[in-house]
Amino acid sequence: MLDNDQKLETNVLNSVIGYKEAVLKKEELENNGTSFIESKGLVKETIGKLHPKRIRLRVEKIRIDTPSTKTLVMVPIDGKNLPPFQAGQYINLFVHLAGVLTARPYSISSSPKNLKSYELTIKRKEGGFVSPYLLEDVKVGQEFESSGPMGSFHHNPLFHGNDLVFLAGGSGIAPAISMLKSFLQSTELFRFHIIYSNSFENDVIFIDELRKLASENKNFTLTEFLSREVSSEYKGFRGRLDISTLRMLLQNPSTKMYYVCGPTPFNDHCANLLTSLGVKSGRILIESNGPPPNPEELEGWPESLLPTTKVTVNVGNQTSFQTNVGEPLLNSLERNGLFTENACRSGECSLCRVKLKSGKVFSPEEAKIRKSDRKFGYIHSCVAFPVTDIEIQL
């Protein structure tokens with residue numbers, strides 16, 4: 001029979017940072033006797049440090065990655081270490097722009113081992129509101145406010161195992177490279193395979209660094225895909241990722257853990273491919289990058305309804321305005337000076353939920369609306385598209 005020390009040494013929870021120390025401290029307190037009065041308020045204080053609602057950041061450096069992408073190196077204004085995060089998580093960056101207070105979630109692309117700064121890798125979004133400003137107008141020294149790190153898109157050592165595959169599309173490489181840096185700095189023996197899809201050869205983020213790390217680390221594999229014209233020097237795959245190529249790349253695919261991050265069509269395509277390979281949904285973790293750009297192309301959109309159709313949004317007794325049905329409700333609220341707490345802007349976190357009192361909205365599948373929300377009429381405004389005149393309560 002194992003004694004307490006042996007049980008502790010063989011416990012799988014030892015993979016969780018701080019677990020062993022917490023158990024030993026608990027035993028010490030039990031043996032010496034304590035009412036825990038000395039720890040009163042400690043949990044609340046610790047949570048506040050680890051998960052602050054707001055962080056003040058300053059742009060320390062701006063790095064040009066590709067013709068369409070820059071990385072902002074953000075440091076804390078107070079000079080202290082930033083809150084810890086899991087590789088793959090994001091922060092919500094708040095921006096005052098053209099008289100509008102808005103926010104956008106950006107994955108942290110730096111290693112979680114470095115808490116002196118967060119690196120936010122930002123790719124231009126055609127027709128976007130915030131990304132052109134961050135790429136063209138922001139200067140070194142400029143200050144911003146952000147949320148603390150958040151999100152469930154990260155490696156879970158207790159359930160995900162060490163045989164991992166990341167399917168990245170475009171700027172979806174940001175959380176992938178954070179995971180990669182974390183794994184390479186770990187004492188655990190990971191196998192990490194990044195399958196990276198892009199359109200243009202001169203616009204592939206982090207490609208030189210990724211190729212170098214793949215050549216130096218036998219446990220890291222990089223597979224490249226390009227869908228547009230390529231040079232004679234390019235050695236990767238051409239075209240779109242398909243089932244036959246994926247089957248060739250992956251041995252025993254059903255036993256691995258998969259992370260998928262990119263534009264919504266890319267995410268859906270990858271999820272369908274993995275399902276076709278027999279991978280269960282519980283082994284596929286998908287990070288959405290904002291609301292779907294073309295909701296009218298999704299299943300369930302009202303037939304013949306153009307995204308430019310105008311509807312009226314009534315916000316209780318506060319105000320009333322018109323908006324296009326193809327614009328997410330959260331965006332139109334912000335344009336009209338109305339703020340509601342938000343973070344992921346892709347339907348997962350539920351911080352932006354509002355009550356729909358009348359009318360209809362289209363909510364795509366990615367909107368993770370709880371049963372209780374449906375029962376009491378709540379919607380996630382970041383991925384809710386009003387398809388009739390509506391009345392809401394903030």
Side-chain angles (χ1 to χ4, degrees), residues 52-77 90-109 117-151 170-171 174 263 288-293 295 307-308 310 313 315 318-347 349 351-352 354 380-386 392 394:
K53 289 186 176 181
R54 293 290 185 269
I55 305 172
R56 295 291 301 171
L57 299 170
R58 182 179 67 252
V59 180
E60 182 183 59
K61 181 180 179 182
I62 300 175
R63 184 177 69 238
I64 299 175
D65 297 310
T66 76
S68 71
T69 308
K70 292 181 180 179
T71 293
L72 305 183
V73 181
M74 315 286 281
V75 298
I77 289 176
Y90 65 88
I91 60 172
N92 203 28
L93 191 69
F94 295 91
V95 178
H96 290 270
L97 181 58
V100 174
L101 171 60
T102 186
R104 293 294 184 273
Y106 292 107
S107 296
I108 305 170
S109 56
S117 65
Y118 293 152
E119 295 186 8
L120 307 182
T121 300
I122 301 166
K123 185 178 178 70
R124 178 185 300 277
K125 181 179 180 181
E126 293 303 323
F129 180 55
V130 174
S131 66
Y133 165 73
L134 294 177
L135 293 175
E136 297 170 9
D137 299 328
V138 169
K139 308 297 183 186
V140 170
Q142 195 162 334
E143 297 182 359
F144 289 88
E145 189 173 59
S146 80
S147 70
M150 60 182 67
S171 60
S288 298
N289 280 337
T308 53
K310 296 285 187 182
V313 177
V315 187
Q318 291 179 252
T319 188
S320 177
F321 59 84
Q322 283 200 320
T323 185
N324 293 338
V325 300
E327 180 179 45
L329 177 59
L330 178 59
N331 291 25
S332 60
L333 288 171
E334 291 174 338
R335 282 195 303 101
N336 287 275
L338 298 169
F339 179 81
T340 182
E341 193 69 44
N342 64 89
C344 72
R345 300 184 85 96
S346 59
C349 74
L351 284 177
C352 69
V354 299
H380 295 176
S381 62
C382 67
V383 288
F385 298 86
I392 62 171
L394 298 182

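The figures here come from the full heavy-atom set of this structure, side chains too, leaving out hydrogens, waters and symmetry mates.
Inter-residue side-chain proximity for L134 and R104 is flagged as unmet; no heavy-atom pair is nearer than 4.5 Å. Two residues are said to be in side-chain contact when any heavy atoms from C-beta on lie closer than 4.5 Å; K70 and V138 fail this criterion. V315 has its side chain within reach of L333: a pair of non-hydrogen atoms, C-beta onward, lies under 4.5 Å apart. Within the 4.5 Å cutoff, side-chain heavy atoms of L329 are placed close to those of I392. You'll find the side chain of Y118 reaches within 4.5 Å of the side chain of I55, heavy atoms only. Looking only at side-chain heavy atoms (C-beta outward), S146 and L57 come within less than 4.5 Å of each other. In this structure the side chain of P292 reaches within 4.5 angstrom of the side chain of F385, judged on heavy atoms.
In terms of the ring pair (Phe, Tyr, Trp, His ring centres under 6.0 Å) criterion, Y90 has no residue partners (sequence neighbours excluded). Among residues two or more places apart in sequence or in another chain, the side chain to side chain donor-acceptor pair (under 3.5 Å) test is passed with K125 by none. Every residue meeting the salt bridge (charged side-chain N to carboxylate O under 4.0 Å, His left out) condition with R63, not counting sequence neighbours, appears here in chain and number order: D65, E119. Applying the side chain to side chain donor-acceptor pair (under 3.5 Å) rule to N324 yields the partners K310; only residues at least two apart in sequence or on another chain are considered. Qualifying salt bridge (charged side-chain N to carboxylate O under 4.0 Å, His left out) partners for E145, counting only residues two or more places apart in sequence or in other chains: R54. Take S109 and apply the side chain to side chain donor-acceptor pair (under 3.5 Å) test, not counting sequence neighbours, and it matches T121.
Interatomic distance, S107 OG to I122 CD1, rounded to the nearest 0.5 Å: 11.0 Å. Atom CD1 of residue I108 and atom OG of residue S117 lie 10.0 Å apart, to the nearest 0.5 angstrom. Rounding to the nearest 0.5 Å places SG of C382 at 6.5 Å from CG of L330. In this structure, CD1 in I62 is found 10.5 Å from OG1 in T71, a value given to the nearest 0.5 Å. Rounding to the nearest 0.5 Å places CE of M74 at 10.0 Å from CD of E143.
Considering every non-hydrogen atom in both P76 and R58, the closest pair reads O-NH1, 4.5 Å. Considering every non-hydrogen atom in both R335 and V100, the closest pair reads CA-CG2, 4.0 Å. Here the closest heavy-atom approach between residue V313 and residue P386 is recorded as CG2-CG, 4.5 Å. Smallest separation of non-hydrogen atoms from C344 and C349: SG-N, 3.3 Å. Nearest heavy atom pair, residue S332 against residue E327, reads CB-OE1, 3.3 Å. For C352 against H380, the heavy-atom pair with the smallest separation is SG-C, 3.9 Å.
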Audit row: T319, N336, side-chain contact (heavy atoms from CB on, under 4.5 Å) steps and yes/no: CA-CA 9 Å; T319 188; N336 287 275; 5.8 Å; no
Begin with the C-alpha distance, continue with both residues' side-chain angles, and end with the deciding distance and a verdict on side-chain contact (heavy atoms from CB on, under 4.5 Å) for R345 and T102. CA-CA 11 Å; R345 300 184 85 96; T102 186; 3.8 Å; yes
Going through the distances and angles, do L394 and Q318 end up as a side-chain contact (heavy atoms from CB on, under 4.5 Å)? CA-CA 10 Å; L394 298 182; Q318 291 179 252; 4.0 Å; yes
For a side-chain contact (heavy atoms from CB on, under 4.5 Å) check, start with the C-alpha distance between F321 and L338, then their side-chain angles and the critical distance, and finish with the verdict. CA-CA 11 Å; F321 59 84; L338 298 169; 4.1 Å; yes
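Formation of a donor-acceptor pair under 3.5 Å by the S147 side chain with backbone atoms of N92 is found in this model.
Taking the six-membered ring where tryptophan is involved, the planes of Y133 and F144 are perpendicular, since the angle between them exceeds 60° and thus also 30°.
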